[in-house]
*Asks:* 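If you scroll down you'll find the structure; I have some questions about it.
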Amino acid sequence: MEFVHKSVLFDEAIAALEIDNTKIIADGTAGGGGHSREIAKAAKRLIAIDRDPDAIKVLGERLSEFDNVTIVQDNFSNIREILSSLGIQGIDGLLLDLGVSSFQLDNGERGFSFHQDAPLDMRMSKTGLSAFDVVNEYGEAQLAEIIRKYGEEKFSRSIAKNIVAARAEKPIETTFELVDIIKKSMPAKELKKGHPARKTFQAIRIEVNGELDSLKRALDDAFYCLNPGGIIAVITFHSLEDRIVKEKFAEWIKGCTCPKEFPVCVCGNKPKGELPFKSKAPTERELEDNPRARSSRLRAFRKF
């Protein structure tokens with residue numbers, strides 16, 4: 001299957017990075033190379049990073065015409081180590097297009113989609129802990145907590161209980177087996193409110209890939225690596241990701257934290273940067289072309 005990913009908020013993200021031929025930009029989720037190609041055309045140098053080996057193969061082909069591109073197979077959470085290994089002291093921009101790619105969703109054998117029957121996998125890197133391991137080895141309480149926390153699923157306890165009961169008979173091996181268990185764990189009326197497995201699949205995928213922890217580490221390390229005037233642009237796809245980005249950016253732009261009754265500042269805290277804009281959502285036209293963009297948000301931060 002061809003590696004295709006419909007980049008959401010494409011023009012907005014590229015514009016947010018304020019690229020020119022003096023700047024070194026990192027694309028932490030290079031994927032099919034959509035953003036990366038556009039960045040490479042204008043930047044002094046592009047570091048294209050992705051953890052998915054399928055993406056790395058495609059990037060090698062699609063970016064082969066550019067001599068200013070370095071492709072790295074790694075997790076973007078290791079941005080500090082990646083740049084250090086390349087002898088790069090600082091970058092002028094970082095783009096993170098979070099979540100699962102269209103290719104990963106549409107490639108049934110990867111096990112990300114609840115619309116296609118496939119082995120339970122969901123590993124972006126194709127290595128390490130898999131969805132099969134989580135579903136078949138985690139305890140009931142741990143499963144319930146993950147589904148509640150990462151999926152914001154109100155029927156998490158019922159789903160976890162039924163997963164444990166089902167796997168006592170035989171291992172849960174495929175996506176459709178898991179979907180059937182999830183459906184049986186909800187009242188009939190809930191099955192009409194969108195696909196019943198969406199939240200649980202999101203939760204398991206986040207756990208398998210350590211997505212939220214990776215994001216937190218990446219933001220802190222990217223700030224350290226960012227040159228003055230440099231920009232971090234992040235596209236999120238659900239409230240958990242967006243909250244992390246929003247709160248981290250708010251922390252960086254916050255000034256004095258002294259109580260209002262203090263006549264002068266004693267904390268010495270000063271803003272570390274600014275927000276070029278509050279946030280951006282996809283247009284109605286983009287949503288017509290790509291319904292998967294519906295929950296996406298773009299946020300950006302510029303370092304002082």
Side-chain angles (χ1 to χ4, degrees), residues 7-19 25-29 31 35 49 75-80 91-101 124 145-154 198-199 202-203 205-207 209-258 267 269-284 286-287 290-304:
S7 301
V8 306
L9 293 161
F10 181 87
D11 293 336
E12 294 87 344
I14 295 298
L17 291 168
E18 300 179 4
I19 308 164
I25 308 292
D27 184 350
T29 48
H35 287 120
I49 304 164
N75 190 321
F76 62 72
S77 66
N78 298 321
I79 184 68
R80 194 167 173 177
I91 55 174
D92 303 294
L94 170 69
L95 174 63
L96 297 177
D97 183 1
L98 301 176
V100 62
S101 71
M124 292 180 178
E145 175 61 12
I146 287 168
I147 296 169
R148 181 199 65 78
K149 184 177 179 182
Y150 294 157
E152 299 180 299
E153 172 59 76
K154 62 182 178 180
R198 180 179 62 82
K199 293 180 179 180
Q202 172 183 295
R205 192 199 79 220
I206 289 173
E207 172 68 12
N209 296 288
E211 294 176 35
L212 301 187
D213 289 338
S214 290
L215 176 58
K216 292 173 184 177
R217 180 182 173 190
L219 291 174
D220 284 329
D221 282 4
F223 178 86
Y224 175 86
C225 298
L226 208 61
N227 292 326
I231 294 170
I232 299 174
V234 187
I235 300 171
T236 64
F237 286 85
H238 55 76
S239 60
L240 300 176
E241 294 172 339
D242 190 56
R243 190 178 306 128
I244 289 170
V245 176
K246 181 179 179 181
E247 290 178 355
K248 181 56 66 175
F249 286 2
E251 174 189 325
W252 290 340
I253 66 170
K254 193 171 185 179
C256 175
T257 58
C258 294
C267 73
N269 192 54
K270 296 181 179 179
K272 299 176 178 67
E274 63 183 0
L275 304 183
F277 51 85
K278 187 175 181 181
S279 71
K280 293 186 178 181
T283 63
E284 287 300 320
E286 180 171 2
L287 291 175
N290 185 11
R292 287 175 178 167
R294 183 161 303 279
S295 60
S296 62
R297 289 291 182 275
L298 170 67
R299 296 184 186 274
F301 166 82
R302 181 187 291 111
K303 186 176 182 179
F304 286 157

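On a predicted model such as this, the values are computed, not experimentally measured, just so you know.
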*Asks:* Nearest 0.5 Å, please: how far is CG in Leu287 from OG in Ser296?
*Replies:*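 Interatomic distance, Ser296 OG to Leu287 CG, rounded to 0.5 Å: 7.0 Å.
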*Asks:* Please report, to 0.1 Å, the donor-acceptor pairs under 3.5 Å made by any side chain of residues 244-251, with sequence neighbours excluded.
*Replies:*
unit_1: Lys248; atom_1: NZ; unit_2: Asp220; atom_2: OD1; d: 3.0
unit_1: Lys248; atom_1: NZ; unit_2: Glu251; atom_2: OE1; d: 3.3

*Asks:* To the nearest 0.5 Å, how far apart are CG in Leu275 and CD1 in Ile253?
*Replies:* 4.0 Å
*Asks:* What is the minimum heavy-atom distance between Ile91 and Ala26, and which atoms define it?
*Replies:* CD1-CB, 4.2 Å
*Asks:* Mind checking what makes side chain to side chain donor-acceptor pair (under 3.5 Å) contact with Arg80, not counting sequence neighbours?
*Replies:* Tyr224
*Asks:* Would you please name every residue forming a side chain to side chain donor-acceptor pair (under 3.5 Å) with Gln202, sequence neighbours left out?
*Replies:* none
*Asks:* Could you walk me through whether Leu215 and Thr236 pass the side chain to side chain contact (heavy atoms under 4.5 Å, CB included) check?
*Replies:* CA-CA 10 Å; Leu215 176 58; Thr236 64; 5.5 Å; no
*Asks:* Just so I know, are the side chains of Leu298 and Phe277 near enough to count as touching, which here means a heavy-atom distance under 4.5 Å?
*Replies:*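 Leu298 vs Phe277: side chains touch.
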*Asks:* Quick one: list whatever passes side chain to side chain contact (heavy atoms under 4.5 Å, CB included) with Leu95, sequence neighbours left out.
*Replies:* Ala13, Leu17, Asp27, His35, Ile39, Ala233
*Asks:* Closest approach of Lys149 and Leu240, non-hydrogen atoms and distance?
*Replies:*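 For Lys149 versus Leu240, the nearest heavy atoms are O-CD1, 3.5 Å.
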*Asks:* Report yes if the side chains of Arg198 and Glu153 come closer than 4.5 Å at any heavy-atom pair, otherwise no.
*Replies:*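 With C-beta onward as the side chain, the pair stays apart.
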*Asks:* Do the non-hydrogen side-chain atoms of Ile235 and Arg297 ever get within less than 4.5 Å of each other?
*Replies:* no
*Asks:* Return the set of residues passing salt bridge (Lys or Arg N to Asp or Glu O under 4.0 Å) with Glu145 (not counting sequence neighbours), or none when no residue passes.
*Replies:*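 Counting only residues at least two positions away or on another chain, Glu145 forms a salt bridge (Lys or Arg N to Asp or Glu O under 4.0 Å) with Arg148.
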*Asks:* Over all heavy atoms of both residues, which pair between Glu286 and Pro282 is shortest? Give the atoms and the distance, please.
*Replies:*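 Scanning both residues completely, I find the closest heavy atoms to be OE1-CB, 3.7 Å.
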*Asks:* So do the side chains of Asn290 and Phe10 get within less than 4.5 Å of each other, counting heavy atoms only?
*Replies:* no
*Asks:* Give the minimum heavy-atom separation between Phe76 and Ala218, together with the two atoms involved.
*Replies:* CD1-CB, 3.4 Å
*Asks:* Under the rule for side chain to side chain donor-acceptor pair (under 3.5 Å), what residues qualify as partners of Glu18, not counting sequence neighbours?
*Replies:* Arg302
*Asks:* With sequence neighbours excluded, what pairs up with Lys303 under the side chain to side chain contact (heavy atoms under 4.5 Å, CB included) test?
*Replies:* Phe223, Leu226, Phe301
*Asks:* Mind checking salt bridge (Lys or Arg N to Asp or Glu O under 4.0 Å) for Arg243 and listing every partner two or more places apart, or none if nothing turns up?
*Replies:* Glu152
*Asks:* Identify, with sequence neighbours excluded, every residue that meets salt bridge (Lys or Arg N to Asp or Glu O under 4.0 Å) alongside Arg299.
*Replies:*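 With sequence neighbours excluded, Arg299 shows a salt bridge (Lys or Arg N to Asp or Glu O under 4.0 Å) to Asp242, given in chain and number order.
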*Asks:* Roughly how far apart are Asp97 CG and Thr29 OG1, rounded to 0.5 Å?
*Replies:*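 Rounded to the nearest 0.5 Å, the CG-OG1 separation comes to 5.0 Å.
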*Asks:* Go through the structure and list residues passing salt bridge (Lys or Arg N to Asp or Glu O under 4.0 Å) with Arg292, not counting sequence neighbours.
*Replies:* Asp106
*Asks:* First locate atom CD1 of Ile232, then atom CG of Leu96, and finally report the distance between them rounded to the nearest 0.5 Å.
*Replies:* 8.0 Å
*Asks:* Checking the side chain of Glu211 only, and the main-chain atoms of Gly99 only, is there a donor and an acceptor separated by less than 3.5 Å?
*Replies:* no
*Asks:* To the nearest 0.5 Å, what is the distance between CZ on Arg217 and CD1 on Ile79?
*Replies:*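 Arg217 atom CZ to Ile79 atom CD1 measures 10.5 Å (nearest 0.5 Å).
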*Asks:* What residues form a side chain to side chain contact (heavy atoms under 4.5 Å, CB included) with Cys267, not counting sequence neighbours?
*Replies:*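 Once residues adjacent in sequence are excluded, the partners of Cys267 under the side chain to side chain contact (heavy atoms under 4.5 Å, CB included) criterion are Cys256, Thr257, Cys258, Cys265, Asn269.
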*Asks:* Where do Leu212 and Glu241 come nearest, in terms of heavy atoms and distance?
*Replies:* CD2-CG, 4.2 Å
*Asks:* Asp221: which residues meet the side chain to side chain donor-acceptor pair (under 3.5 Å) condition with it, sequence neighbours left out?
*Replies:* none
*Asks:* Rounded to the nearest 0.5 Å, what's the gap from CD1 on Ile147 to CD1 on Ile206? Could you check?
*Replies:*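 Rounded to the nearest 0.5 Å, the CD1-CD1 separation comes to 12.0 Å.
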